[in-house]
Amino acid sequence: MSLLEIKNLSVNFSILNGSVKAVDDISLNIGAGETVAIVGESGSGKSQTVLAALGLLAENGVASGSVKFEGQELIGLERKKLNQIRGNQISMVFQDPMTSLNPCMRISDQMTEVLTLHKGMSKSEALLESVRMLDAGRLPDAKQVITRFPHELSGGMRQRVMIAIALSTEPKILIADEPTTALDVTVQAQMLELFKGLTKDFGTALILITHDLGVVAGIADRMMVMYAGRLVEKGTVDELFYSPHHPYTFGLLHSTPHVDNPEMRLEPIDGLPPSLENLPSGCAFNPRCEFKLDRCLVEAPPLIKSANGRSNACFYKGELVKRRKAGE
Amino acid sequence: MFRFIIKRLGIAIPTLLILIVFSFTLMHSAPGGPFTSERPLPPQVLANIEAKYGLDQPFYKQVTNYIVGIVTKGDFGPSFKYKDRTVNDIIAQGFPVTLKYGIWSFIIAVSVGISLGIVAAIKHNSIIDYFAVGFSIGAQVLPNFVMAPILVIIFTLWLGWLPGGGWNGGQWQYLIMPIIALSTSYMASIARIMRSSMLEVLNSNYIRTAKAKGLSNRQIIFKHALKPALLPVITYLGPAFVGMITGSVVIDMYFSTGGIGQMFVNSALNRDYSVIMGITILIGVLTIAFNLVVDILYAWIDPKIRY
Amino acid sequence: MVIRSKKIAQMAENLAAHEMGESHSLWADARRRFFKNKAAVISLVVLTLIVAFAFLAPYFTKWSNEEIDWAILGSVAEDGKPSFARGHYFGADPLGRDLFARVAQGTQISLMVGFVGAFIAVIVGTLYGAIAGYFGGRIDNIMMRIVDILMSIPYMFVLILLLVVFGRSIFMLFVGLGLISWLDMSRIVRGQTMVLKNKEFVEAAIAGGSTKFTIIVRHIIPNLVGIVIVYASLLVPAMILTESFISFLGLGVQEPNTSWGALISEGAGTVLYGTLWQLLFPLAFFVAGLFSFFFIGDGLRDALDPKDR
């Protein structure tokens with residue numbers, strides 16, 4: 001049995017005139033200790049998927065479908081029981097460490113509260129444990145840092161604090177939503193090392209949400225690619241990187257620089273992701289797709305399973321090769 | 001902290017001096033002295049009176065004497081109209097009255113306003129939220145001088161429950177209408193500020209973090225959201241305080257409480273300059289002191305402000 | 001007022017972030033947005049009716065605002081009730097004067113106080129703020145410190161002091177209101193100017209050799225119009241409120257002139273004799289007038305705020 005099982009999850013937001021579907025029929029499994037990456041551009045629904053799973057959607061959002069943690073259904077679970085799971089069994093690290101810590105509370109209070117709440121520690125035990133976690137997060141001078149307020153720390157330090165808070169309850173799953181996006185490039189690498197090291201040490205499963213394929217390559221076992229709220233392709237990182245089946249995955253890979261192949265031309269995907277309020281008919285990717293068929297304009301391709309646990313939602317079955325534009 | 005207070009006082013004291021000198025100059029430049037009346041006094045008598053009040057001395061000396069008197073002895077000088085009473089006597093008589101219902105009004109406006117704002121934000125788009133919004137919009141056009149007569153119509157004229165004015169040693173029946181009239185519009189403003197800032201905080205990233213930690217609603221609101229959401233309300237407390245002090249003049253007049261505001265207006269109508277000045281300076285000191293308290297409170301809640 | 005200042009500060013931020021577009025389409029767009037706002041449009045209609053009443057009402061009654069109806073003088077509480085037969089549509093005031101004519105007169109004066117007070121604020125506040133913001137440095141520091149000091153003084157008391165010393169007259173009331181009304185305006189304008197002076201078109205004017213005064217008057221001030229209009233539209237009701245407050249105390253507008261505040265004061269004073277109409281008619285105009293101004297101000301702010309465009 002997998003640790004977390006998301007099945008046919010959809011998220012709808014009611015807006016001024018009607019509603020938009022931010023997540024459309026997503027399914028995902030994650031086993032203990034595994035690292036799964038969810039990849040997509042902003043607005044592709046990757047964050048909303050995990051927020052829905054933890055009951056953290058904005059006021060106007062509604063989730064339908066099923067999210068099971070160790071067999072326990074989370075969607076529609078009463079608040080009290082949900083609170084015993086989130087922050088305890090499943091923790092989350094958010095994108096922007098600048099705004100994700102409470103500006104009016106000391107780091108110590110923000111760290112110890114999860115331990116006193118979920119682990120029943122006393123205030124002083126929790127404080128000791130928090131310092132230990134900060135040390136584990138390789139934050140220099142933890143005893144000093146813990147007495148400060150968030151605005152006195154740098155972005156990297158804050159993100160280390162966020163990670164320390166998330167891991168301090170020894171959760172079974174850690175969800176990291178673009179954990180490195182808001183940080184300096186130099187800090188990003190350190191942070192990824194930290195994730196890799198800590199999840200391994202604690203045996204924690206990691207769901208990593210990112211738009212950066214470079215991050216995925218370094219850390220994830222499996223990945224799933226989302227576009228306009230739908231899952232377009234999933235599989236192991238190795239397979240998807242070496243032979244993508246979906247034109248969008250293919251496009252993403254060609255627009256990402258490779259360290260081992262610096263000569264490669266970068267070819268960005270033309271156009272912009274569609275607005276969720278008026279999606280194109282058929283496959284949502286068709287306006288930007290180089291390989292589109294007539295069928296793609298009228299019919300959305302279903303997600304079809306293939307060998308090795310791979311899935312792909314595309315009608316085009318040919319080989320994906322970059323076509324040179326005329327004149328090049 | 002100590003340096004912060006000193007720095008604030010460094011601004012407050014010159015402000016106060018400017019206020020004193022300004023009012024004193026204004027008073028001095030009034031066409032016709034304070035003792036000009038319909039029946040002109042004989043020059044000899046006038047000279048005697050002026051000598052008694054020190055008005056024959058050069059202007060700068062009068063100002064310095066006045067300020068020295070206030071600073072060293074807390075003495076605002078004699079009343080110009082009531083021969084045997086000092087300004088201090090008059091203030092000592094009226095101030096406790098205004099203070100009593102003023103403090104109650106302030107406490108009620110702040111506590112009810114904040115609670116209403118919080119509840120409205122938590123129960124966003126519920127009936128109580130609509131009520132809070134409607135109340136805060138409506139109360140904009142219900143300043144104290146509109147509230148007071150409306151309350152009298154309802155509670156005195158129609159229901160006959162409460163006396164239409166007077167003080168009677170500050171018994172509760174005499175307190176209710178002054179307090180409601182004075183506090184309503186500020187209560188509404190505070191509720192409105194609290195509601196919108198609470199909504200903003202509840203939608204913030206760090207509250208999402210708190211939810212993700214598995215904290216209960218109660219912990220989220222009181223431990224995480226309340227402090228940052230209170231900051232805009234605290235900023236508003238200074239202006240609200242000034243507004244309520246000013247409004248107390250209307251309350252004192254309309255309900256004939258015998259408070260300091262009634263004395264102020266009567267002195268204004270009688271041109272009793274020393275009383276007007278004394279009260280103005282007292283209000284100035286109170287305002288400045290209160291603003292200092294607000295600044296300290298703000299700095300205490302917002303860790304970004306270091307002194 | 002404070003809440004509104006905060007919203008205006010927000011608008012100023014949005015304006016600063018927004019690049020100046022074509023001014024023609026900007027205004028057309030603002031107008032369209034304003035007329036889509038139901039509360040603002042209704043308020044505009046109500047306000048127009050109030051203004052029309054203030055100036056046309058005297059032609060519809062046989063009573064003037066000063067004439068005493070001797071027939072009812074001794075028995076205003078019974079015979080002074082609103083009545084078409086006697087020609088007192090709103091009833092009579094405690095002195096037997098026609099309230100309909102008095103309310104029209106009071107409306108005129110209250111509106112005048114509101115507009116003149118706001119006008120002074122616009123002129124003084126805009127110039128003061130623009131100069132402080134444009135020159136910056138020491139000048140700015142001193143000028144703004146003065147504003148800080150003036151703002152921390154309980155102005156209502158100083159205003160009353162002023163009225164007592166120099167006599168109670170409409171002129172002194174204007175002077176007093178003018179003295180305090182521009183403070184907030186100058187702060188807002190200063191902030192906006194500091195943003196504007198770093199924009200390209202000002203640099204171009206400097207490079208073109210324009211004098212500082214010309215730059216302020218020709219280039220800075222025209223770009224402040226939006227925020228000044230919005231703030232001024234909220235100052236009008238604020239001025240009316242202040243005037244009403246002072247007149248309620250009997251220290252503002254003096255007989256035979258009157259204003260909303262003075263009429264409410266008169267009506268409030270006689271409430272216990274049961275002559276409710278003396279309070280309710282002026283109060284209705286006061287409430288309707290203030291509401292209209294507030295909603296129009298909000299509508300203008302939403303229309304001119306570039307944020308959700």
Side-chain angles (χ1 to χ4, degrees), chain B residues 11-12 14-15 18-19 22-23 26-31 136-138 140-146 148-150 152-153 156-157 164-165 189 192-193 196 232 235-236 238-240 242-243 245-247 249-250 253-254 261 264-265 267-269 271 273 276-277 279-280 283-284 286-288 291, chain C residues 1-7 39 145-146 148-168 237 241-242 244-251 260-261 264-265 267-274 276 278-280 283 286-295 298:
Chain B
I11 303 172
T15 309
I18 289 173
L19 178 66
F22 176 75
S23 349
L26 209 63
M27 182 178 110
H28 217 260
S29 57
S136 57
I137 292 175
Q140 288 181 106
V141 295
L142 293 178
N144 39 51
F145 61 88
V146 171
I150 291 178
V152 168
I153 291 179
T156 308
L157 195 64
S189 297
R192 177 159 147 162
I193 298 172
S196 67
T235 318
Y236 177 68
V242 173
I245 282 195
T246 314
V249 178
V250 158
M253 281 299 284
Y254 192 71
F264 184 75
V265 174
S267 315
L269 294 167
R271 309 184 125 213
Y273 292 125
I276 302 177
M277 273 198 61
I279 295 178
T280 306
I283 302 299
L286 280 179
T287 309
I288 288 166
N291 278 326
Chain C
M1 281 313 290
V2 170
I3 326 161
R4 294 178 183 282
S5 321
K6 195 190 158 202
K7 280 189 178 167
R145 189 47 55 82
I146 292 174
D148 283 344
I149 288 177
L150 286 176
M151 279 187 122
S152 63
I153 289 173
Y155 71 87
M156 193 66 86
F157 290 83
V158 177
L159 185 53
I160 291 174
L161 197 64
L162 213 62
L163 287 168
V164 170
V165 169
F166 294 108
R168 289 166 249 147
L241 262 170
T242 310
S244 299
F245 184 91
I246 294 171
S247 291
F248 186 87
L249 296 175
L251 296 166
W260 283 342
I264 291 172
S265 173
T270 59
V271 148
L272 287 178
Y273 304 119
L276 288 190
Q278 291 174 353
L279 174 65
L280 295 184
L283 197 58
F286 173 86
V287 168
L290 285 193
F291 258 137
S292 305
F293 277 118
F294 282 139
F295 282 128
D298 277 350

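Computed from a predicted structure; not experimentally measured. Quick note on labels: first sequence line is chain A, next is B, and so on, each numbered from 1.
Listed options B/Val242, B/Val249, B/Ile150, B/Thr280 were ranked by heavy-atom pairs under 4.5 angstrom with chain C; first place goes to B/Val249. Here B/Val250 is the residue among B/Asn144, B/Val250, B/Ile276 with the most heavy-atom pairs under 4.5 Å with chain C.
For B/Thr287, the part lying near chain C is the side chain, with the backbone staying farther off; criterion is any non-hydrogen pair under 4.5 Å. Both the backbone and the side chain of C/Leu241 come within contact range of chain B, judged by heavy atoms closer than 4.5 Å. Contact of B/Ile283 with chain C is made through backbone and side chain together, with heavy-atom distances under 4.5 Å. In this structure, the portions of B/Leu269 lying under 4.5 Å from any heavy atom of chain C include both its backbone and its side chain. For C/Leu290, the parts lying near chain B are the backbone and the side chain together; criterion is any non-hydrogen pair under 4.5 Å. Residue B/Leu286 does not touch chain C at all, counting heavy-atom pairs closer than 4.5 Å. Residue contact with chain B, scored on non-hydrogen atoms closer than 4.5 Å, involves the backbone and the side chain of C/Ser244 alike. For C/Phe245, the parts lying under 4.5 angstrom from a heavy atom of chain B are both the backbone and the side chain.
A centroid separation of less than 6.0 Å is found between the aromatic rings of B/Phe145 and C/Phe286.
Shortest non-hydrogen contact noted between B/Pro149 and C/Leu279 is CB-CD2, 3.7 Å. For the residue pair B/Val141 and C/Phe291, the shortest heavy atom distance occurs at CG2-CE1, 3.5 Å. The shortest non-hydrogen separation linking C/Pro237 to C/Phe294 is CG-CE2, 3.8 Å.
Side-chain N or O atoms of B/Tyr254 include none that pairs as donor or acceptor with a backbone N or O of C/Leu249 at under 3.5 Å. The main-chain N or O of C/Gly267 is found under 3.5 Å from a side-chain atom of C/Thr270 such that the two form a donor-acceptor pair. Judged purely by atom type and a 3.5 angstrom limit, C/Ser247 has no side-chain atom pairing as donor or acceptor with the backbone of C/Gly261.
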